[in-house]
Enquirer: 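Before anything else, here's the structure in question.
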Protein chains: 2
Amino acid sequence: MVELTRRQAIEDVASDLFRERGYAGTSIRDIARALSVQGASLYAHVDSKEDVLWAIVDRAASRFEAAADDAERGVASRRPGDPAEAVAALVRAHIQVLTADVDEASVFVHEWRALGEMRRAVILARRDAYEARFRRAIEEGIAVGAFAMTDPAIASTTLLTALNGVATWYDPDGRLPAGRIADHLVDLALRMLEGRA
Amino acid sequence: MVELTRRQAIEDVASDLFRERGYAGTSIRDIARALSVQGASLYAHVDSKEDVLWAIVDRAASRFEAAADDAERGVASRRPGDPAEAVAALVRAHIQVLTADVDEASVFVHEWRALGEMRRAVILARRDAYEARFRRAIEEGIAVGAFAMTDPAIASTTLLTALNGVATWYDPDGRLPAGRIADHLVDLALRMLEGRA
DNA sequence: CCTACCGATCGGTAGG
DNA sequence: CCTACCGATCGGTAGG
């Protein structure tokens with residue numbers, strides 16, 4: 001990957017290290033070492049260690065939101081009122097963002113708790129709003145009889161947790177390309193919701 | 001909860017803090033402060049910070065393993081050759097251990113990576129062996145036609161990730177008792193595996 | 001369980 | 001981007 005800016009290079013390296021060792025387990029000097037500069041030199045590009053975490057988490061959140069926007073728009077135009085299609089599109093969008101930059105996505109999933117109080121509250125609200133999209137699609141499916149009766153809150157949390165779990169084992173050079181993984185998770189998700197005939 | 005030994009009190013407090021802030025984000029002095037003693041005083045009871053993490057992770061691993069042993073024995077005696085029953089029993093066992101001590105279970109799920117090389121390898125092997133029990137039950141179900149065709153590795157990882165996700169939101173004082181949560185996850189798991197008729 | 005202390009490392013600043 | 005440095009905190013030890 002070609003680095004456009006030094007700032008971007010810092011965030012890429014930080015995503016990798018934060019994913020592997022966590023935010024608290026990674027020092028500014030660890031990040032600097034991976035870039036072959038002195039720790040203090042990073043402060044020419046970033047204001048604080050937390051700013052780096054925030055940049056990663058905020059960008060990842062925006063990617064997930066934008067992908068869900070596209071997914072919902074696509075379903076609304078092609079297959080309006082089809083809850084299975086809505087869930088499938090959201091699952092595909094989520095896995096696509098997750099696999100496009102698995103380091104960044106992993107940091108978003110696991111390290112947002114290390115943010116300061118205010119930023120953590122902002123991300124929590126965005127996570128809640130994001131999960132609500134899945135929950136509404138599930139509620140819609142239950143309402144029209146397409147999905148089995150379930151607690152929509154548990155189902156949506158469980159589904160999202162399962163999707164995020166892909167970040168812990170996905171390997172861009174692994175046996176399964178991202179598209180095939182998305183296929184599998186769409187299958188698992190829909191079976192989980194639709195249940196037996 | 002009454003504390004039998006000081007060592008146990010240290011591990012309980014550490015489980016809570018490791019879950020909230022992570023192992024790297026928790027200092028020995030944080031643990032000591034929660035027990036109203038000086039940081040150095042803890043070293044009368046533990047050899048190192050990592051020993052505390054190891055004690056928690058090792059105990060949690062043993063609990064999951066023992067519960068799965070019981071589950072498999074119970075199914076073998078009551079309903080041998082019933083893969084749905086086998087998966088249901090494993091799911092119930094997992095949720096039972098997870099909800100019995102959600103701090104300890106969360107540390108097992110998330111913080112084992114902070115262990116040193118050798119201990120991390122030991123836990124990784126035990127985690128793999130544990131996941132293999134779920135995978136075998138799923139493979140068995142596919143072989144006898146009880147479950148839909150799926151990639152058993154993806155299905156077992158996804159299932160376990162979904163189960164572990166309960167640790168992030170389970171609240172002993174919440175609206176759902178542990179038993180009801182287990183019921184829901186058994187339903188979701190079996191529907192995910194059995195698929196449509 | 002305490003005080004006193006160790007060397008190492010932390011996030012970050014000053015000044016070039 | 002560097003050197004030099006700051007105060008704070010880290011895991012851990014000595015000695016009582």
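A note on names: the letters A, B, ... follow the listed sequences, proteins ahead of strands, and every chain is numbered from 1.
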Enquirer: For B/Arg119 and B/Asp58, run salt bridge (Lys or Arg N to Asp or Glu O under 4.0 Å): C-alpha distance rounded to whole Å, both residues' side-chain angles, the deciding distance at 0.1 Å, then the answer.
Expert: CA-CA 9 Å; B/Arg119 286 166 159 177; B/Asp58 179 47; over 6 Å; no
Enquirer: Can you measure B/Tyr43 atom OH to C/dT3 atom P for me and round it to whole angstrom units?
Expert: 17 Å
Enquirer: Would you tell me if any nitrogen or oxygen in the side chain of B/Arg6 comes within less than 4.0 Å of OP1 or OP2 on C/dC1?
Expert: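 Answer is yes, contact under 4.0 Å.
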Enquirer: Could you tell me how far apart A/Ile10 (CD1) and C/dG11 (P) are, to the nearest whole angstrom?
Expert: 14 Å
Enquirer: Provide, to the nearest angstrom, the distance between the CG atom belonging to A/Leu42 and the C1' atom belonging to C/dC10.
Expert: 14 Å
Enquirer: Is it true that the side chains of B/His110 and B/Asn164 contain a donor and an acceptor less than 3.5 Å apart?
Expert: no
Enquirer: Looking at D/dG11, D/dA14, D/dC1, which one has an atom nearest to any side-chain atom of B/Ala40?
Expert: D/dA14
Enquirer: Using distance alone, with no hydrogens and no angle criterion, decide if B/Ser156 and B/Arg133 have a side-chain donor and acceptor under 3.5 Å apart.
Expert: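 The criterion, which ignores hydrogens and geometry beyond distance, is not satisfied for B/Arg133 and B/Ser156.
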Enquirer: Could you give the CZ-to-C1' distance, from B/Arg29 to D/dC10, as a whole number of Å?
Expert: 6 Å
Enquirer: May I ask you to evaluate whether A/Ser27 reaches the phosphate of C/dT9, defined as a side-chain N or O under 4.0 Å from OP1 or OP2?
Expert: no
Enquirer: Do B/Arg127's NZ or CZ and the ring of B/Phe108 fall within the cation-pi criteria of under 6.0 Å and 45°?
Expert: yes
Enquirer: Which whole-number value in Å describes the distance from B/Ile31 CD1 to D/dT9 P?
Expert: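 So the two atoms are 17 Å apart, to the nearest Å.
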Enquirer: For B/Asp51 and D/dG12, what is the distance between atoms CG and P respectively, to the nearest whole Å?
Expert: 9 Å
Enquirer: In whole Å, I'd like the distance from the CG atom of A/Leu53 to the C1' atom of C/dG11.
Expert: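 Rounded to whole Å, this separation is 15 Å.
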Enquirer: Take B/Glu139 and B/Arg135 through the test salt bridge (Lys or Arg N to Asp or Glu O under 4.0 Å) and record every step on the way to the result.
Expert: CA-CA 6 Å; B/Glu139 285 165 345; B/Arg135 198 180 62 242; 3.8 Å; yes
Enquirer: Could you state the CG-P distance from B/Asp47 to D/dG12, rounded to the nearest angstrom?
Expert: 9 Å
Enquirer: Counting only side-chain heavy atoms from C-beta out, which of C/dC1, D/dC2, C/dG11 sits nearest to A/Val37?
Expert: D/dC2
Enquirer: Check whether any side-chain nitrogen or oxygen of B/Ser41 sits under 4.0 Å from OP1 or OP2 of C/dC2, and answer yes or no.
Expert: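 For C/dC2, OP1 or OP2 has a side-chain N or O of B/Ser41 closer than 4.0 Å.
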Enquirer: Scan every strand shown for a Watson-Crick or G-U wobble partner of C/dA8, both distances under 3.5 Å, and answer none if you come up empty.
Expert: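 Checking every strand shown, C/dA8 finds its partner in D/dT9, with both distances under 3.5 Å.
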Enquirer: Measure from the side-chain heavy atoms of A/Gln38 and tell me the nearest of D/dG12, C/dC2, D/dC2.
Expert: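 Nearest to the side-chain atoms of A/Gln38, counting from C-beta on, is D/dC2.
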Enquirer: Considering only side-chain heavy atoms of B/His45, which listed nucleotide, C/dG11, C/dC1, D/dC1, is closest?
Expert: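 Per side-chain heavy atoms of B/His45, the pick is C/dC1.
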Enquirer: Suppose we define a pair by two distances each less than 3.5 Å, Watson-Crick or G-U wobble; what does C/dG15 pair with here?
Expert: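 The base-pairing partner of C/dG15, which may sit in any strand shown, is D/dC2.
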